[in-house]
Amino acid sequence: EYEGDRNSEGQRHGFGKAQLPNGDTYEGEYERGLRSGRGTYRFKNGALYTGNYLQNKKHGKGVFFYPDGSKYAGDWMHDQRQGYGEYLYANGDTYTGEWVNNKRHGQGTYVYKDTGSKYVGCWVNGIQNGPAELIHLNHRFRGRFFNGKPLGRGKFIFDIGCEQHGEYIQPVQVKKIEKEEEEEEEPPLPLEPIWKVSEITKLTPWSPHDEGSPSPRQAGAVTEE
C-alpha cells in the first residue's frame with residue numbers, strides 16, 4: 001500500500017508512493033503521515049492533480065485535469081480553487097481570473113470559443129455581476145451586469161466609429177395570447193432585458209461628449225443587435 005520514507009515514529013515522511021483502498025494513487029512528499037509538499041494524485045475515474053499539498057489538502061499552486069477533458073491551473077486553498085487561476089472548459093471556453101470557494105469570483109475574463117466573444121469584468125459566486133465589458137468581433141458593450149445579464153445604463157461601441165448609448169430595462173412579465181400552432185414545441189423563455197437607445201455619438205474615448213451636438217442623430221439608421 002505504501003512504499004517510501006518514514007520518520008522515527010513510523011509515519012510516512014519524505015517521499016513515497018501510496019495505493020489507496022479506493023484505487024487512487026499518490027506519489028510525492030509527505031510530512032508526519034500526511035500529503036504535504038509537491039505530489040501527483042491520480043484518481044481512479046481518470047482525473048489527475050499535480051501540485052502542492054498541505055496536510056492532505058490541495059493547497060498552493062497546482063494543476064487539476066478533470067475526467068471530462070477540462071483543466072484548472074492556478075491557486076488552491078484547503079482543497080478549493082481559490083486565488084488566481086485559469087480554467088479550460090470541456091467545450092473550449094476559458095476563464096482566467098480570480099476564484100473563491102471553487103467559483104469564479106472577483107475580476108476575470110471569460111472567452112467563448114464558438115463566437116470568440118469575451119466577457120471582461122466582475123463575477124460574484126460564479127455569475128457575471130458588476131461592471132464589465134462584453135467584446136464581440138466588431139463591436140463591444142460596456143456597462144453593468146446583474147445575475148449574468150446586462151442591466152441599466154451602458155453603451156455599445158462600434159468599430160465603424162460610433163457609440164450607441166442607452167440602457168437595458170428588465171421587462172415585466174405579461175401573458176400573451178398567441179396562436180398555438182407553431183408555439184407548442186418551444187418552452188417559454190425567461191424575459192431578456194430590453195435595450196433602449198438614448199443617443200448615438202461619435203467615439204468618446206478620452207474626453208466627455210461636447211455640449212453641442214455635431215449633427216442630427218439618426219437613430220433609425222442603426223441596425224439592431
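Values reported hereafter were calculated over all heavy atoms of this structure, with side chains retained and with hydrogens, waters and symmetry mates removed. Residue numbers count from 1 along this sequence.
The aromatic ring centres of Tyr168 and Phe141 sit less than 6.0 Å apart. A ring-centre distance under 6.0 Å is not found for Tyr30 and His13. Aromatic rings of Phe43 and Phe64 (six-membered ring for Trp) have centroids within the 6.0 Å cut-off, being under it.
With rounding to the nearest 0.5 Å, the separation of CD1 in Ile157 from CG in Asn138 is 13.0 Å. Remark: Asp114 CG to Asn91 CG distance equals 7.0 Å, nearest 0.5 Å. Annotation: the span from Leu88 atom CG to Lys113 atom NZ amounts to 10.0 Å, rounded to 0.5 Å. Here the CZ-CD1 distance, from Arg104 to Ile127, works out to 9.0 Å after rounding to the nearest 0.5 Å. Rounded to the nearest 0.5 angstrom, Lys44 NZ and Asn22 CG are separated by 7.5 Å. Rounding to the nearest 0.5 Å gives a distance of 9.0 Å between NZ of Lys57 and CD of Gln80.
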Evaluation steps, salt bridge (Lys or Arg N to Asp or Glu O under 4.0 Å), between Arg142 and Glu133: CA-CA 4 Å; Arg142 195 175 288 167; Glu133 196 167 23; 2.9 Å; yes
Checking salt bridge (Lys or Arg N to Asp or Glu O under 4.0 Å) for the pair Arg38/Glu29: CA distance, chi angles, key distance, verdict? CA-CA 6 Å; Arg38 284 201 64 77; Glu29 296 172 329; over 6 Å; no
In sequence, state the C-alpha distance, the side-chain angles, and the governing distance for Gln164 and Trp195, and then conclude on side-chain hydrogen bond (donor to acceptor under 3.5 Å, both in side chains). CA-CA 10 Å; Gln164 190 185 78; Trp195 174 248; 2.7 Å; yes
Would you please test Asp75 and Lys61 for salt bridge (Lys or Arg N to Asp or Glu O under 4.0 Å) and show each step? CA-CA 5 Å; Asp75 297 331; Lys61 299 274 182 201; 2.7 Å; yes
Under the criterion side chain to side chain contact (heavy atoms under 4.5 Å, CB included), I'd like the reasoning laid out for His136 against Leu134: C-alpha separation, chi angles, the key distance, then a yes or no. CA-CA 7 Å; His136 301 290; Leu134 192 55; 3.7 Å; yes
Could you walk me through whether His165 and Ser198 pass the side-chain hydrogen bond (donor to acceptor under 3.5 Å, both in side chains) check? CA-CA 6 Å; His165 300 254; Ser198 61; 5.9 Å; no
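Looking only at distances, no side-chain donor or acceptor of Asn56 sits under 3.5 Å from a matching main-chain atom of Leu34. Looking at Glu98, its side chain does come within 3.5 Å of a backbone N or O of Gln107 through a donor-acceptor pair. Remark: side-chain polar atoms of Asn45 are paired, donor with acceptor, to backbone N or O of Ala47 under 3.5 angstrom. The backbone N or O of Tyr112 sits nowhere less than 3.5 Å from a side-chain atom of Ser117 that would complete a donor-acceptor pair.
Residue pairs meeting the side-chain hydrogen bond (donor to acceptor under 3.5 Å, both in side chains) criterion with at least one partner in residues 62-74, sequence neighbours excluded, are Tyr66-Arg81, Asp68-Ser70, Ser70-Tyr87.
Other residues, nucleotides and ligands place no more than 12 heavy atoms under 6.0 Å from the CZ atom of Arg32. For Phe146, the CZ atom sits in a loose shell: 12 or fewer heavy atoms of surrounding residues, nucleotides or ligands are nearer than 6.0 Å.
Between Tyr84 and Thr96, the shortest heavy-atom distance links the atoms OH-CG2, 3.3 Å. Taking each heavy atom of Thr109 and Lys118 in turn, the nearest pair found is CG2-CG, 3.5 Å. For the residue pair Gln170 and Pro193, the shortest heavy atom distance occurs at OE1-CG, 3.8 Å. Contact record, Ala73 with Val63: CB-CG2, 4.0 Å, taken as the closest heavy-atom pair.
A salt bridge (Lys or Arg N to Asp or Glu O under 4.0 Å) with Arg12 is found for one member of Glu27, Glu31, Glu1 and no other, namely Glu1.
Two residues are said to be in side-chain contact when any heavy atoms from C-beta on lie closer than 4.5 Å; Ile200 and Glu163 fail this criterion. The side-chain heavy atoms of Leu20 and Tyr41, taken from C-beta on, include a pair separated by under 4.5 Å. Considering only heavy atoms from C-beta on, Lys17 stays 4.5 Å or farther from Thr25 through its side chain. Under the 4.5 Å side-chain criterion, counting only non-hydrogen atoms from C-beta, Asn129 is not in contact with Cys122. Taking 4.5 Å as the limit, some side-chain heavy atom of Ile135 sits within range of a side-chain heavy atom of Val120. Using a 4.5 Å heavy-atom threshold, the side chains of His105 and Trp99 count as separate. Looking only at side-chain heavy atoms (C-beta outward), Thr201 and Glu199 come within less than 4.5 Å of each other. The shortest distance between side-chain heavy atoms of His59 and His78 falls below 4.5 Å.
With a 6.0 Å cutoff to the six-membered ring centre and a 45° limit on the axis angle, Lys58 counts as a cation-pi contact of Tyr49.
Tyr2 is connected to Tyr26 through a chain of hydrophobic side-chain contacts under 4.5 Å among Ile, Leu, Val, Met, Phe, Trp and Tyr, so both are in one cluster.
Ring geometry for Trp123 against Tyr95 counts as perpendicular: the plane angle is over 60°, on a 0 to 90° scale with 30° as the lower cut. Ring geometry for Phe156 against His139 counts as tilted: the plane angle lies between 30° and 60°, on a 0 to 90° scale.
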